[in-house]
Amino acid sequence: MTVARKTLLRSFFARSPERVAEDLLGAVFVHGRSIGTVVETEAYLGEFDPAAHARFGQTARTRVLYGRPGFAYVYQTRHHVCLNVATSVRGTPGCVLIRALRPVRGIAAMRSRRGVDDVWRLANGPANLCQAFDVRLIHDGVDLTRGAGPFFREGEPPTSFYRDERIGISRARRWLLRFLSAGEAVSRPPGPRARLI
DNA sequence: CTTACGATTCCC
DNA sequence: GGAATCGTAAGG
């Protein structure tokens with residue numbers, strides 16, 4: 001039987017990006033009829049993080065990061081969008097990038113939106129999962145703790161996970177801020193410097 | 001205004 | 001390894 005899971009509240013996101021990124025593993029992302037389990041996340045620490053968008057300070061693009069935690073920061077890169085959650089307290093622009101989801105429900109619609117058949121390739125990347133779960137630029141600034149629109153629910157934390165280097169960035173590459181549930185299909189398997197937790 | 005450059009993805 | 005292709009941020 002299925003257990004009723006609580007929606008992740010403001011207090012969950014009002015912590016450091018690292019803690020939120022770790023605890024988001026195993027959580028459930030819900031957007032309409034599309035449901036998936038978080039299996040890969042990445043933490044961005046704020047203005048002092050050379051790889052973070054917030055390194056430029058507050059701009060039109062990064063305004064959500066400076067607001068309250070638990071709001072969606074959706075940005076566009078080339079032809080794709082990526083989904084982040086603002087963390088920490090107001091004025092502290094840390095966030096967590098959602099890098100991979102394991103599809104649980106609504107798979108037919110995900111296949112249709114992605115044009116891909118293989119379930120494991122439906123949401124195995126930050127831009128792919130946005131396409132699969134129909135997350136768009138209009139969701140930038142949406143409150144993810146309301147249970148209306150996209151939101152997160154409690155789930156089963158992985159029995160073990162990896163900490164590894166972040167991906168797709170040139171600065172602060174060696175910081176171990178990528179979190180991967182063990183034994184899941186992620187955007188990229190753990191590398192040589194990964195630590196099993 | 002012009003230029004540089006991606007928190008990506010998919011294909012060769 | 002490289003191209004696609006556009007918004008954001010920096011520089012003049």
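Chain letters run A, B, ... following the sequence lines, proteins first, then strands; residues in each count from 1. Only a predicted model underlies this, so the values are computations on that prediction, with no experimental measurement involved.
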Hydrophobic cluster of A:L176, others only, ordered by chain and residue number, side-chain cut-off 4.5 Å: none
Any chance you could pull the hydrophobic cluster mates of A:F151, using side-chain heavy atoms under 4.5 angstrom and chaining through other members? A:V28, A:V30, A:I35, A:V104
Between [X] and [Y], what is the shortest heavy-atom contact and its length?
X      : Y      : result
A:V85  : A:G70  : CG1-CA, 3.9 Å
A:R113 : A:S34  : NH2-OG, 2.8 Å
A:L83  : A:A72  : CD1-CB, 4.0 Å
A:G36  : A:F133 : N-CE2, 3.5 Å

SB check A:D143 A:R10 (cutoff 4.0 Å): yes
Give a yes or no on whether a salt bridge exists between A:D49 and A:R55, defined as a side-chain N under 4.0 angstrom from a carboxylate O. no
Could you list by number each residue of residues 173-197 of chain A showing a heavy-atom separation from DNA chain C of less than 4.0 Å, or answer none if no residue does? none
Can you list everything that forms a side chain to side chain contact (heavy atoms under 4.5 Å, CB included) with [X]? Sequence neighbours excluded, please.
X      : result
A:E154 : A:R5, A:K6, A:L8
A:S160 : A:A182, A:L196
A:P126 : A:C82, A:L97, A:R99

First and last nt of DNA chain B near chain A, cut-off under 4.0 Å to heavy atoms, 5' to 3', are B:dG6 to B:dC10
Counting any heavy atom closer than 4.0 Å, what does [X] reach on the DNA or RNA strands: base, sugar-phosphate only, or nothing?
X      : value
A:R166 : nothing
A:I169 : sugar-phosphate
A:R55  : nothing

Do A:I107 and A:I98 sit in one hydrophobic cluster, given that two such residues count as connected whenever their side-chain heavy atoms are within less than 4.5 Å of each other, even indirectly? yes
Bracket notation of DNA chain C in which parentheses pair within the strand, [ ] cross earlier pairs, and | pairs with another strand (Watson-Crick or G-U, under 3.5 Å): ||||.||||||.
Selection: residues 120-131 of chain A, any non-hydrogen atom under 4.0 Å of DNA chain B: A:G125, A:P126, A:A127, A:N128
Base contacts versus sugar-phosphate-only contacts with protein, heavy atoms under 4.0 Å: please encode nucleotides 1-12 of chain C as B, S and - from 5' to 3'. ---BS-SSSS--
Exercise answer: donor-acceptor pairs, residues 15-26 of chain A side-chain atoms, under 3.5 Å, sequence neighbours excluded:
unit_1, atom_1, unit_2, atom_2, d
A:R15, NE, A:F12, O, 2.8
A:R15, NH1, A:D23, OD2, 2.7
A:R15, NH2, A:F12, O, 3.3
A:R15, NH2, A:D23, OD2, 3.1
A:S16, OG, A:R19, N, 3.2
A:E18, OE1, A:R163, NH2, 2.9

Tell me if a side-chain donor or acceptor on A:H80 pairs with a main-chain N or O of A:T77 at a distance below 3.5 Å. no
Quick test of your reading: applying ring-ring contact (aromatic ring centres under 6.0 Å, His included), list the pairs with at least one residue in residues 152-197 of chain A, sequence neighbours left out, ordered by first then second residue. A:F29-A:F152
